[in-house]
Amino acid sequence: MLSNVEAPVLTIRSCEKQDAECVTHLMHEVSYPTTPGVMRERIESAQVNDNTCMLVAEMDGEVVGMLGLQCVQSHSDPEQAAQITSLIVCKAHRGEGIGRRLLEHAESWASEHGSQKLLIIEGNREQHKPSYSFYEHLGFTKHGYRFSKKL
């Protein structure tokens, strides 16, 4: 018996102001504190800054993932890089290839904007450890530590 059930369609697109509530929910899933108002401001800022990009993954009209990145230039490295500032896929859809698809779009955007590599700075938080193997599987390599100081 044939079924007329269609697989959900995944669309990767630029994040828009009306996505602020959904993106805020994704941020909360990984314990990042923010509000819809703050996310709306970040989305608006990304829309007018050529060196910043915010993408969402949408499946059947529902935002199920997001990615933020920006071009950075370090004094210690002559190559411009694009730093991924957030990559979140909602818990219900992890393992479905959505993160990989977001990263593919990030690579294209980074190349189009003159970057020679992608950077991901992950903290040593216990909840981030499962993502390490995901990044390594997609060709990322771990380098050093991150230090920060609260001002």
Side-chain angles (χ1 to χ4, degrees), residues 9-59 61-91 93-125 127-151:
V9 175
L10 180 69
T11 303
I12 309 293
R13 61 172 176 78
S14 293
C15 190
E16 300 170 359
K17 284 190 291 190
Q18 62 264 27
D19 298 319
E21 292 280 344
C22 298
V23 171
T24 300
H25 179 71
L26 288 171
M27 297 288 280
H28 289 170
E29 276 198 24
V30 293
S31 302
Y32 289 144
T34 192
T35 65
V38 168
M39 290 312 301
R40 201 170 289 104
E41 289 175 9
R42 290 182 184 169
I43 293 165
E44 289 172 347
S45 177
Q47 290 174 331
V48 297
N49 183 341
D50 288 340
N51 289 322
T52 304
C53 177
M54 286 184 73
L55 301 171
V56 293
E58 187 177 69
M59 190 178 305
E62 176 189 1
V63 173
V64 295
M66 67 163 295
L67 182 140
L69 70 158
Q70 63 187 7
C71 294
V72 294
Q73 181 67 59
S74 168
H75 293 292
S76 62
D77 190 341
E79 296 181 326
Q80 178 180 291
Q83 179 180 339
I84 295 172
T85 57
S86 59
L87 173 57
I88 305 166
V89 174
C90 74
K91 291 175 185 171
H93 291 282
R94 291 184 187 156
E96 297 177 10
I98 296 168
R100 179 186 49 78
R101 292 269 307 275
L102 282 164
L103 281 172
E104 288 171 359
H105 277 74
E107 289 178 13
S108 295
W109 183 90
S111 292
E112 290 169 10
H113 286 79
S115 294
Q116 287 81 38
K117 61 182 164 185
L118 282 178
L119 300 175
I120 300 171
I121 300 175
E122 280 284 354
N124 284 332
R125 293 167 53 185
Q127 71 188 48
H128 290 175
K129 289 188 178 180
S131 64
Y132 299 170
S133 60
F134 168 73
Y135 295 132
E136 289 170 344
H137 176 73
L138 294 176
F140 288 84
T141 55
K142 181 181 174 188
H143 298 278
Y145 297 93
R146 178 177 94 167
F147 293 91
S148 67
K149 180 178 179 180
K150 189 166 182 120
L151 301 178

TODO: Give a yes or no on this: more than 12 heavy atoms of other residues, nucleotides or ligands lie within 6.0 Å of atom CD of Glu21.
DONE: no

- [ ] Evaluate whether atom NE2 of His113 has more than 12 neighbouring non-hydrogen atoms of other residues, nucleotides or ligands under 6.0 angstrom away.
- [x] yes

Task: Separation between CG of Leu55 and CG of Leu103, rounded to the nearest 0.5 Å - done: 10.0 Å

Open item on the list: Quick one, Thr52 and Thr85 - any side-chain contact, counting heavy atoms below 4.5 Å?
Closed with: no

Open item on the list: Please give me the minimum heavy-atom distance between Leu118 and Ala110, naming the atom from each residue.
Closed with: CD2-CB, 4.0 Å

Open item on the list: salt bridge (Lys or Arg N to Asp or Glu O under 4.0 Å), that's the test. Do Glu104 and Arg100 meet it? Break it down for me.
Closed with: CA-CA 6 Å; Glu104 288 171 359; Arg100 179 186 49 78; 2.8 Å; yes

TODO: Taking all heavy atoms of Ile98 and all of Ala57, pick out the closest pair and write down the distance.
DONE: CG2-CB, 3.6 Å

Open item on the list: Under 6.0 Å between ring centres: does that hold for Trp109 and His105?
Closed with: no

TODO: Kindly give the heavy-atom pair with the smallest separation between Met59 and Leu10, and that separation in Å.
DONE: CE-CD1, 4.1 Å

Task: Salt-bridge contact Lys91-Glu29 (side-chain N to carboxylate O under 4.0 Å) - done: no

Open item on the list: Between Asn51 and Gln70, is there a side-chain heavy-atom distance shorter than 4.5 Å?
Closed with: no

- [ ] Output the distance between atom NE2 (His93) and atom CD (Glu62), rounded to the nearest 0.5 Å.
- [x] 5.0 Å

Task: Backbone of Glu41 reached by a side-chain donor or acceptor of Ser45 within 3.5 Å - done: no

Open item on the list: To the closest 0.5 Å, what do you measure between CD1 (Ile43) and NZ (Lys17)?
Closed with: 9.5 Å

TODO: Please report the closest heavy-atom contact between Cys15 and Val23, naming both atoms and the distance.
DONE: SG-CG2, 3.9 Å

- [ ] Heavy atoms only: give me the nearest Met39-Thr24 pair and the separation to one decimal.
- [x] CG-OG1, 3.3 Å

Task: Sub-4.5 Å side-chain heavy-atom contact between Ile120 and Leu87 - done: no

Open item on the list: Once rounded to the nearest 0.5 Å, what's the spacing between atom CD1 of Ile84 and atom CG of Leu67?
Closed with: 5.0 Å

- [ ] Spell out, as yes or no, whether a donor-acceptor pair under 3.5 Å connects the side chain of His28 to the backbone of Thr35.
- [x] no

Task: Test applied, side-chain hydrogen bond (donor to acceptor under 3.5 Å, both in side chains); reference residue, Ser115; option that passes from Glu79, Gln83, Gln73, Gln80 - done: Gln80

Task: Reported CD-to-CE distance for the pair Gln47 and Met54, which is rounded to 0.5 angstrom - done: 9.0 Å

TODO: Determine the minimum heavy-atom distance between Ser14 and Asp19, stating which atoms define it.
DONE: O-OD2, 4.3 Å

